[in-house]
Amino acid sequence: MSILSRVTVVSARGLVKTFGRGRAARRVLDGADLDVAAGEIVAVLGRSGSGKSTLLHLLGALDRPDGGTISVAGRRLERAGERALTDFRRRHVGFVFQFFHLVPELSGEENVLLPGRLLGGEAGAARRGRELVERLGLEEVAGALPHTLSGGEQQRFAIARALVNDPELVLADEPTGNLDAESGAVVLQLLREIAARDGRAVVLVTHDRDAAAIADRVLWMGGGRLDPERGSPPRALRVGAGAA
Amino acid sequence: MSNRPGAAYLTGALARLRVRRGRGLLAALGIVAAAAMLGAAVTVGYGLATGFERTAERADLPDVIARFDEERPARVDERVRALPNLEAVSLRLEIRDVPIGAGSRYTGDGVAQVVREGRRGYAIVEGRDLRPRGDEVVVESGLAREWSLEVGDRLEVGGLDGGARVVGVAVSPDNVAYPLAAGPRFYLSNEGLLARYGDPSGAGFGEPPVNSLLLWTRDPDRLEETLTQARAVSYGITDLRFITRSGVQVLIDQAAGIVVALLVAFSLVALTSAVLMLAASARADVERRLSTIGVMRAVGFSRRGVAVRHAGEAALVALPAATLGLAIGWLIAAGPSADLLGAINQLGPGLALLPLLGACLAGIVAVVCAATAWPAWRAAGRAPAETLRGAELRGRGSGAGRFSLRLPAPRGAFGLGVRIVAARRVRLTATAAVLAVATAVVLLMLALAALLERLAEDPGTLGKRYELTADASSTSAREVRALPGVESVSPRYAVEATDSFRLGENLQVIAFPGDHTRFEAPPLAEGRRLRSSAEAEIGVGLAQALGLGVGATLATQLPSGEETRFRVVGLVRALEKDGRVAYTRPRRLLAADPSIEPELAVRLEAGADRAVVERGLAAAGALPQVTGGASTSNRSFLALLATLLRAVALVNGLVCLYALVQSLSLTAIERRGTVATLRACGAGRAHVVLVLAGAAAVVVALAAPFGWALERFALAPAVAGLAADYAELPLGAGGGELALVGLGVVLVAGAATALVARRAAREPIVRGLREG
């Protein structure tokens, strides 16, 4: 099945975001458009400060746009109230951060189960969390505290945490930026699986062209807009065509 | 870099403080709270502890005041001039029950002090002293305050045509002030009255008589010798009673009860608590800045430079904050403290307090600087890389790990808060300690206030087991016993006496026929109960003052001049009269002075209506009086003290709030990354509240029982011992106080949680993720 025929999970139009005021004001996003389908990985490349992470924050309802519209999993975010955005984050989106952001007092497994246990997520979250720990090969270190884990293990726990509430959209902000090449490759492979096997939409922000190579589409962030990166054929089309 | 010129250093430090304005403000608030507590404690404690001496000095209080039946001045003067060690003497005529009025105010209990040339023994605090005219009066400050009299007002005085003009307001600490004292005092000039009216007493001595004298000695250490000689040359002068300056102080202390001493003791507790809080706050601030210290070391700051820099920045925050806090504490306490001092005829410390407050300011700044510099010095002594890692909780994994492994997995946001705060053991301990001390002090203050009320209302607090007294002159014990509701009746003899060997030491001799413990039963501290009229149980306060023990002889001089001796068989913890009491049986007393009249102590049956019995006694002409506590007549004074105590408790409550807010704020600031991650995972404000509530609950759960135990087993016995080691003071907090404080702590924890959660939940998630 081609990704073009899949359900659109993310639809953003004309996104505008400005930081600062007056003469110090800087328009980071200036009419950015983005569509991401279920099962698709979109990689966003760009220079530092180009607005990649800002785009991710808007898509994940961590921040609000100054202009434009965002629809994720059929929910409009730009005018939603704080409570609705909180609920949206809980049910429809999972984050993977560069610095993992695991809670240091909780074991790896407890971190995975955190959204479900703390936030009263779905009843199946605990079972799913344990399945994820197994699937990601973390059973042996499930009870270890984050500071005793390698960077790769921490990031895999973070990915499991992002998936535990079964979100439609996974947002990964430089997920390999703090890892060695080997661990980074494992994490990228996981993200690939998340999209291809589970049918989730994944938006990957990275500096690393090699990391972007796993994406179905690669977009370039520049001048506040997203453009298809030239000379980089969408891998997923190839993979998708092959799969089909 | 630490050797930059001072101005540049100051500019840099101020700039750094501006950057972390919120944290600086938080630290400053802590210092303000502690300084306010200290300022209030110092204002109250210093004012009360030095009040008598200060006022006595200002008023030129004599070493001895003697009272006697009216005599010709020349006769008294002749005897007194022969005394050794005499520096000066002033004679006076005191006239009681003088009707006075001003505006709509009136009393028939005025006490006129007709003064002669010479030293006065009072201090003019407003207006001027008397001139030899018959139409001038100086009033005591209590009267001026109570009746709103000012210099220039007129005071109507019975017997003085047209009254007299108030020319001055005076303070003399030889008695408590009106209305604490039954009669308001005012001073008149003997020469003026003589010129205008002739003999004011009408006693017909040819010249106005005198009935009291003020005596100043050259060497107060030889006072006993002077008193013994005075007694020897006083033949012919009747009803002679001496009271020394130290005796006056004891009497005033009796009037003020034990509360003055309790407040002074509290000041010490508050001081300790304030220092603990300051140190904990400063240490927490440095802990927050460990990463900065690591960076400073990494870029070349010396260890000393780091410590000095931190101390300097701490001083910049501490100096204005401590000044503000001390001023607030002074403002809170100065009013009630001045009222309290005024009530016992003592002057406030005025500007004398300034050096002490200045010393407090220096002390607070020094404590904050030292408490900041010391951990900074220690942190700077570690390898920079280690310090940098230490700034993050995950870098100190062992501590977090040990705790996390011990605790069960969190069940919800509340449990996560518990684990987060438990991971910082040092801070948890410091915060819990501050909260526990503050809670204990609040409990102590409330227990004190409750004790004051019991002392005023409940005679049982003083070991009195009778509810009423009745005049024995118009009715008999048998008649009273026959009244319905009366369980038992006993004559009670009470005589004010002095020690025969130390005439300046006063005591009250109380005698019941038979077993006195059926009517008054102060706890026995040593020895046994008395068995005959030759024996006495004496209060521990008296035993301490006279150096007596079980087996010693108590020699007392009665007002009649007769001496009686008793063998001391027991020491009792009596609270009344500062423990300067002696219990005996009346036979020996009556043998020495048959004129001593008893009153009837009336015990009621359980459930009897006191009003009915009172009516029965009144019908029998027995003038019933309700048995009071220590200070039944001093309700307004006790209310004042209770207000003061509750104000102190309120300040301590605010300290609790601050300690919790600071702890939670630190947790929220340090764990903003965790909070932001939770919010990114879908946690709403309610979840943030729950996380912080869990953190607060741990602190409260540790502090509350520790605070209770501290009050019960350490503070209460210590304060009771400091205040009145001669008696048993029930200072342990009761169920009511515990419930109130428990509720208060929960409310404070709730308020702190809400305050911090509000701020944490409003922070943009993205910023929390970036900076956390």
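Below, chain A is the first sequence line, B the second, and so on; all start at residue 1.
Shortest non-hydrogen contact noted between B:Gly684 and A:Arg90 is N-NH2, 4.3 Å. Across every non-hydrogen atom of A:Phe97 and B:Ala680, the tightest pair is CZ-CB, 4.1 Å. When all heavy atoms are compared, the tightest approach of A:Arg89 to B:Arg679 is NE-O, 2.7 Å.
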Practice task
Walk me through it: do B:Thr677 and A:Leu102 pass the test side-chain contact (heavy atoms from CB on, under 4.5 Å)?
Solution key: CA-CA 8 Å; B:Thr677 303; A:Leu102 296 178; over 6 Å; no
Handout entry: Full working for side-chain contact (heavy atoms from CB on, under 4.5 Å) between B:Leu769 and A:Asp173
Key = CA-CA 12 Å; B:Leu769 289 171; A:Asp173 190 357; over 6 Å; no
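At a 4.5 Å heavy-atom cutoff, A:Arg83 makes no contact with chain B through either its backbone or its side chain.
Within residues 64-81 of chain A, no residue has a heavy atom under 4.5 Å from a heavy atom of chain B.
Distance check, rounded to the nearest 0.5 Å: OG1 of A:Thr86 to CD1 of B:Ile765 gives 7.0 Å.
Counting only heavy atoms from C-beta outward, the side chains of A:Leu106 and B:Leu416 approach each other to under 4.5 Å.
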